[in-house]
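Data block below; observations after.
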2 protein chains.
Amino acid sequence: MTVTLADVAARARVSPATVSRVLNGNYPVAASTRERVLRAVDELDYVLNGPASALAAATSDLVGILVNDIADPFFGIMAGAAQHAIGEGAAGRAGGEKLAVVCNTGGSPERELTYLTLLQRQRAAAVVLTGGAVEDPGHTAAMAAKLAKLANAGTRIVLCGRPPVPGDAITAALTFDNRGGGRRLTEHLLTLGHRRIGYVAGPAERTTTRHRLEGHRAAMTAAGLGGDVERLTAHGTYDRRSGYDATLELLRREPDLTAIVAANDTVALGACAALRERGLRIPQDISVAGFDDLPFSVDVVPALTTVRLPLYEAGARAGRLAMGTEVPPPRGIATIGGELMVRSSTGRPRQR
Amino acid sequence: MTVTLADVAARARVSPATVSRVLNGNYPVAASTRERVLRAVDELDYVLNGPASALAAATSDLVGILVNDIADPFFGIMAGAAQHAIGEGAAGRAGGEKLAVVCNTGGSPERELTYLTLLQRQRAAAVVLTGGAVEDPGHTAAMAAKLAKLANAGTRIVLCGRPPVPGDAITAALTFDNRGGGRRLTEHLLTLGHRRIGYVAGPAERTTTRHRLEGHRAAMTAAGLGGDVERLTAHGTYDRRSGYDATLELLRREPDLTAIVAANDTVALGACAALRERGLRIPQDISVAGFDDLPFSVDVVPALTTVRLPLYEAGARAGRLAMGTEVPPPRGIATIGGELMVRSSTGRPRQR
DNA sequence: TCAGCGATAGAAAGCGCTTGCTACGGCGAT
DNA sequence: ATCGCCGTAGCAAGCGCTTTCTATCGCTGA
């Protein structure tokens, strides 16, 4: 029925061991023999049995990339870059073909753990965790335990856009400077003269949310506006709908808002929609800023002021780290800064 | 080192066979025994060895979802929905836990084939192919051969948003009515009074591109405008940059364009940017339409007229089909229609 | 009372591959 | 000319799990 190594060996008139070695290319095989084997493989249209080889070799060529929301370009871009880097890296060395797959957790801690277990089952070669983590003590502990087990089994673990938990068995971590970016963004607004700034945050329990918010708060506090931050912050999810709803809520709490900072660009888009529906012009009546600088942000009207994160580069680097193609940064951790992109969605507040 | 089935068996004082049966739940095991085994599994923190079990059982729990561009929400939404459906479906029956993974081909035929081989290696339970296919005779033949082999090995094959090639060994196919959608969109423009309509198409060799364009052409031809279509069509990729460039090119060819139809919403966004840079107002000076109705399309200004495709529903259905949870449509093929969403980016052409 | 059956549990034979170790020529060195 | 080594190839022992076939035991029905 299915062609096996033995069939190829028989056809090439060599032992199965030799065929295996030709295929893996990690043992000297005479050129003539190799050629004969390769021809047999071709003629028989042989396809290696992954599970069998993974079982015997106690390793597999699977690399898992975990994302919170695959429909969100923020993750799509990083995952695509990582997958690309992993695919390319393989081209370099013989037999190093890796199957990079992305797993969508939907932001659920349970699913995250489930996928990790599934990858552990498959004896994955590496795992890349992208995006913010959920800050629940129970989950953090469970994750630490799981990661330790994976690392212990030889799986490389790379974080991308996710802060490392001290003690985590991590190969490398690439984290975004969400705090710094958030601070600079709000400082920009403050410099323009804004004082009543609303903040549409993401889910309260995520690290990304917290860090961006902390940056905002730091800037506000430094400007002597710390007292109002709490009241002018509304939490939601990282999607447009949430931005829309939260903006309306913020406007209810404080009708005189002159600016709104959103957790990310998608949320900012929802915020803009709500504002416009209220008859407010951007940026004449109210300024809006986002975060991430997703591809569409430069094209919307008015173009969004935001913090650009080098998502593609970070993803690609994470991919290489997962492949072991790139040396990890000192102490395994690298922080990637964001760049403030001032565009037309922010301006001076209206005099009143 | 690693805990194996035998360890669990020893601890539970039963045979490995029994442990296996408890874990797979497809053989009667006395409640007391089962409990003892489960306890041992828990105490030992045992994790099944995927490759070993796949080898022995000759099947695996991997399901591959192939997408052209993971950074594009069009694919992200479908893939997310499919992955969700597959994950949920598993919850239903015991032991049915599937690992749905998405593979990013980047639109490259070779990568598509490579991933299929890798999935074949892993003895994947099912494969979902999303998005348009490349129409190259050689590639089509190679794909057909590969799919036949996969199907032959028991892998379920589902197409989502991809037209089936007659003779393909497909389990089921969900295709979008790109032709009909394209036609209705252009008809809408025609009804508004437009006559000089530019078309920014996707890559020429993709089925999706061809079908949408055919719909456009059919509408134009029916209106007696078929002669100009060729000249007023510019091909590019499915991204914003392409929409931007192609729009400029179209304007060069025909400065008096009153409307532009884009291959999809992302491209339309790029087109809008180019138009605005040229000082043209939308829709007063020129109308713009997209396709897909991605989440951001309703939020941009002006809101985009487009054709809504039920991406989430289609992806979810594809996922269920891949799981074998849903019965395939008659003859395996179902066509999913698009809904014309008329919004503010299209209007009557200016009188001149 | 005893054959016979249903419900469970175990023994053991692989699944297809990798790899440590052994075997075997031919060659340069002594 | 002899020894030993290098370059190759084969042998065979698993890797950890599933599953068929067999064994056992407590009952039930005649």
Side-chain angles (χ1 to χ4, degrees), chain A residues 1-38 40-41 44-62 94-97 120-123 125 153-154, chain B residues 1-38 40-41 44-62 94-97 120-123 125 153-154:
Chain A
M1 188 63 215
T2 37
V3 181
T4 72
L5 232 213
D7 298 331
V8 176
R11 172 135 197 158
R13 325 191 104 261
V14 297
S15 74
T18 302
V19 177
S20 170
R21 299 203 257 245
V22 167
L23 262 23
N24 290 300
N26 48 16
Y27 191 87
V29 172
S32 63
T33 311
R34 175 199 314 289
E35 199 192 329
R36 203 141 35 85
V37 170
L38 257 16
V41 165
L44 260 28
D45 208 8
Y46 170 70
V47 174
L48 187 69
N49 182 319
S53 117
L55 171 59
T59 66
S60 90
D61 49 12
L62 247 200
E97 289 225 337
Q120 186 184 3
R121 263 202 200 355
Q122 305 299 325
R123 304 300 188 251
Chain B
M1 188 64 215
T2 36
V3 181
T4 72
L5 234 211
D7 299 331
V8 175
R11 172 134 196 158
R13 326 190 103 261
V14 296
S15 74
T18 301
V19 177
S20 170
R21 299 204 258 245
V22 167
L23 262 23
N24 290 299
N26 48 17
Y27 191 89
V29 173
S32 64
T33 311
R34 174 197 317 288
E35 199 192 331
R36 202 141 37 85
V37 170
L38 258 17
V41 165
L44 259 29
D45 209 8
Y46 169 69
V47 174
L48 186 69
N49 182 318
S53 115
L55 172 58
T59 64
S60 90
D61 49 12
L62 247 200
E97 288 226 336
Q120 186 184 2
R121 264 204 201 354
Q122 304 299 326
R123 304 300 188 253

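Quick caveat, the model's predicted, so the values are computed rather than measured. We name chains A, B, ... by the order of the sequence lines, and we start the count at 1 in each one.
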In whole angstrom, what separates [X]'s [atom1] from [N]'s [atom2]?
X: A:R36; N: D:dA9; atom1: CZ; atom2: C1'; answer: 11 Å
X: B:N26; N: D:dT20; atom1: CG; atom2: P; answer: 10 Å
X: B:E35; N: C:dT8; atom1: CD; atom2: C1'; answer: 17 Å
X: A:R34; N: D:dG7; atom1: CZ; atom2: P; answer: 15 Å
X: B:Q122; N: C:dG16; atom1: CD; atom2: C1'; answer: 14 Å
X: A:R123; N: C:dT18; atom1: CZ; atom2: P; answer: 17 Å

- Message: On DNA chain C, does the nearest nucleotide to B:A52 precede the nearest nucleotide to B:V14 from the 5' side, or the other way round? Give the residue.
- Response: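 Its nearest nucleotide lies further toward 5', so the answer is B:V14.
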- Query: What's the closest nucleotide to the B:A30 side chain, out of D:dT18, C:dT18, C:dT8?
  - Reply: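 Of the options given, the side chain of B:A30 lies nearest C:dT8.
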- Of all the choices, C:dT18, D:dT19, D:dT18, which nucleotide is nearest to the side chain of B:L5 once you look at every atom?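 So the side chain of B:L5 is nearest to D:dT18.
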I want to check one thing: is the phosphate of [N], taken as OP1 and OP2, less than 4.0 Å away from some side-chain N or O of [X]?
X: A:S20; N: C:dT18; result: yes
X: A:N24; N: C:dT18; result: yes
X: A:S15; N: D:dA9; result: no
X: B:T18; N: C:dG10; result: yes
X: A:T33; N: D:dA9; result: yes

- Supply the atom-to-atom distance A:R121 CZ to B:L62 CG, rounded to the nearest 0.5 angstrom.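 Atom-to-atom, A:R121:CZ and B:L62:CG are 11.5 Å apart.
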- What is the distance from atom CG of A:L44 to atom CG of A:L5, rounded to the nearest 0.5 Å?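 The CG atom of A:L44 sits 11.0 Å away from the CG atom of A:L5.
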- Task: Sort and list the pairs that fulfil side chain to side chain donor-acceptor pair (under 3.5 Å) and have at least one residue in residues 47-59 of chain B, not counting sequence neighbours.
- Result: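 Applying side chain to side chain donor-acceptor pair (under 3.5 Å) to every pair that reaches into residues 47-59 of chain B, excluding sequence neighbours, yields nothing.
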- Query: Between the base of C:dG20 and the side chain of A:R21, is there any donor-acceptor pair under 3.5 Å?
  - Reply: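 Present.
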- Query: Hey, are the side chains of A:D45 and A:V3 touching, using non-hydrogen atoms and a 4.5 Å cut-off?
  - Reply: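 A:D45 does not reach A:V3 side chain to side chain.
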- Message: When you compare the side chain of B:V14 with that of B:R34, does any pair of heavy atoms fall below 4.5 Å?
- Response: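 B:R34 vs B:V14: side chains apart.
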- Is the backbone N or O of B:Q120 less than 3.5 Å from a side-chain atom of B:R123, with the two atoms forming a donor-acceptor pair by type?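 Yes; judged by distance alone, with no hydrogens or angles, the pair exists.
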- Task: For B:S60 and B:A54, indicate whether the former's side chain and the latter's backbone hold a donor-acceptor pair under 3.5 Å.
- Result: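 Not a single qualifying donor-acceptor pair exists.
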- Let me have a per-nucleotide readout for nucleotides 22-27 of chain C, 5' to 3', with B, S or -, counting only protein heavy atoms under 4.0 Å. ------
- Remember a base hit wins even if backbone is also touched, and classify A:V29 as base, sugar-phosphate or nothing at under 4.0 Å, heavy atoms.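 Sugar-phosphate contact only.
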- On DNA chain D, nearest-nucleotide positions of B:A17 versus B:L55: which is more 5'?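 Taking each residue's closest nucleotide, the earlier one in sequence belongs to B:L55.
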